[in-house]
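The first residue in the sequence is number 1, and the count goes up from there.
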Amino acid sequence: MSRIGKKPVELPAGVSAKLDGQTIEVKGPKGTRSFTATDDVTITLDGNTVKVTPRGTSKRARQQWGMARSMIENLGVGVTTGFKKELEIQGVGYRAAMQGKVLKLSLGYSHEVNFEVPEGVTVTSAKPTEITVEGIDQQLVGQVAANIREWRQPEPYKGKGIRYKGEYVFRKEGKKK
């Protein structure tokens, strides 16, 4: 049995949920999110508690059980506190700055990289070497952070590049004479 799927989801205070078939819609102070579960699970709503149960014992039903429960819990977290990814830039002359809806990155290329920030995500750059990506959709926040990091991933010799805050970069020793 799924240890995650067995636990009911307690929605935080100030959050309301509406169930329509296999689709659950969660409203909170930061916005509205919805999730449509597959037909392998049953979602029941009782006050501010959401319970997910599998329909059968097939492998797919058991897989969807825990995943659907986690997705519903993330809806509640997203509309109350939101999700945040922090990136840091290391390297001489490497910097970032926000100009309207465009993140301007100087990453050692012959040109500046202009990164268009998609809807539903806010990107801020408090310092030239720090980038913060925030939003209510965990998948979108992680994808935008990964797309920014992709422009210059940290390299193992000098450690230059864009990395997640707290990320360990394995360092290699250079050539010997």
Side-chain angles (χ1 to χ4, degrees), residues 4 9 11-41 43 50 52 63-64 66-156 159-169:
I4 294 170
V9 178
L11 295 174
V15 173
S16 63
K18 189 175 84 176
L19 188 63
D20 183 32
Q22 290 293 95
T23 303
I24 185 164
E25 188 177 287
V26 179
K27 287 183 185 172
K30 289 200 173 212
T32 304
R33 295 281 330 277
S34 65
F35 169 70
T36 304
T38 61
D39 291 330
D40 297 309
V41 294
I43 301 172
V50 180
V52 181
Q63 290 169 341
Q64 296 295 317
M67 194 272 304
R69 189 246 179 231
S70 296
M71 293 294 285
I72 293 168
E73 185 179 38
N74 286 339
L75 295 181
V77 172
V79 297
T80 52
T81 58
F83 295 99
K84 180 161 94 171
K85 286 270 189 186
E86 294 177 333
L87 301 164
E88 46 189 32
I89 302 173
Q90 289 187 353
V92 177
Y94 288 17
R95 62 183 153 268
M98 279 300 295
Q99 286 187 351
K101 284 257 185 205
V102 177
L103 178 67
K104 298 219 178 254
L105 299 166
S106 296
L107 299 171
Y109 295 119
S110 61
H111 59 283
E112 240 182 21
V113 175
N114 294 327
F115 182 80
E116 289 282 334
V117 179
E119 285 294 318
V121 174
T122 56
V123 176
T124 55
S125 181
K127 295 181 189 173
T129 58
E130 290 180 3
I131 302 169
T132 306
V133 182
E134 293 176 290
I136 63 171
D137 185 356
Q138 185 180 29
Q139 192 274 329
L140 187 61
V141 168
Q143 188 63 53
V144 169
N147 290 346
I148 293 170
R149 182 180 182 269
E150 205 172 69
W151 278 103
R152 185 70 89 174
Q153 291 185 7
E155 54 97 19
K160 298 184 342 179
I162 303 173
R163 63 178 76 186
Y164 296 110
K165 194 168 208 143
E167 178 184 0
Y168 174 75
V169 176

I need the minimum non-hydrogen distance between [X] and [Y], along with the two atoms involved.
| X | Y | answer |
| --- | --- | --- |
| W151 | F115 | NE1-CD1, 3.9 Å |
| R152 | G108 | NH2-C, 3.9 Å |
| G91 | K160 | CA-CG, 4.0 Å |
| A145 | K85 | CB-CB, 3.9 Å |
| G31 | I136 | CA-CD1, 4.4 Å |
| V15 | G28 | CG2-CA, 4.4 Å |

Next on the checklist: Measuring from atom CD1 of I24 to atom CG of L11, what distance do you get when rounded to the nearest 0.5 angstrom?
Outcome noted: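 Between atom CD1 of I24 and atom CG of L11 there are 6.5 Å.
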Next on the checklist: Would you compute the distance between atom CD of E112 and atom NZ of K104 and round it to the nearest 0.5 angstrom?
Outcome noted: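 Here the rounded value is 5.5 Å.
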Look at the side chain of [X] and the backbone N and O of [Y], then say whether any donor-acceptor pair between them is shorter than 3.5 Å.
| X | Y | value |
| --- | --- | --- |
| Y164 | R149 | no |
| Q22 | V41 | yes |
| E88 | R163 | no |

Checklist entry - If you draw a 6.0 Å radius around CG in N114, do more than 12 non-hydrogen atoms from other residues or ligands fall strictly inside? => result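 More than 12 within 6.0 Å, yes.
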Mind listing the side-chain donor-acceptor pairs of residues 69-81 below 3.5 Å, one per line with the distance, residues two or more places apart or on another chain?
{"unit_1": "R69", "atom_1": "NE", "unit_2": "I4", "atom_2": "O", "d": "3.2"}
{"unit_1": "R69", "atom_1": "NE", "unit_2": "K7", "atom_2": "O", "d": "3.0"}
{"unit_1": "R69", "atom_1": "NH1", "unit_2": "E73", "atom_2": "OE1", "d": "2.9"}
{"unit_1": "S70", "atom_1": "OG", "unit_2": "G66", "atom_2": "O", "d": "3.1"}
{"unit_1": "N74", "atom_1": "ND2", "unit_2": "S70", "atom_2": "O", "d": "3.4"}
{"unit_1": "N74", "atom_1": "ND2", "unit_2": "Q138", "atom_2": "OE1", "d": "2.9"}
{"unit_1": "T80", "atom_1": "OG1", "unit_2": "G76", "atom_2": "O", "d": "2.9"}
{"unit_1": "T80", "atom_1": "OG1", "unit_2": "V77", "atom_2": "O", "d": "3.2"}
{"unit_1": "T81", "atom_1": "OG1", "unit_2": "V77", "atom_2": "O", "d": "3.2"}

How about [X] and [Y]: do any of their side-chain heavy atoms sit closer than 4.5 Å?
| X | Y | answer |
| --- | --- | --- |
| D137 | R33 | yes |
| F35 | V26 | no |
| T32 | E25 | yes |
| I162 | Q153 | no |

Show me the donor-acceptor pairs, under 3.5 Å and distance only, between side chains in residues 122-135 and residues at least two apart or in other chains.
{"unit_1": "T122", "atom_1": "OG1", "unit_2": "E134", "atom_2": "O", "d": "3.4"}
{"unit_1": "S125", "atom_1": "OG", "unit_2": "A96", "atom_2": "O", "d": "3.3"}
{"unit_1": "S125", "atom_1": "OG", "unit_2": "K127", "atom_2": "O", "d": "2.9"}
{"unit_1": "S125", "atom_1": "OG", "unit_2": "E130", "atom_2": "O", "d": "3.1"}

Next on the checklist: Run the side-chain contact (heavy atoms from CB on, under 4.5 Å) test on E119 and K101 for me, step by step, so that the C-alpha distance in whole Å, both residues' side-chain angles and the decisive distance to 0.1 Å come before the verdict.
Outcome noted: CA-CA 9 Å; E119 285 294 318; K101 284 257 185 205; 3.9 Å; yes
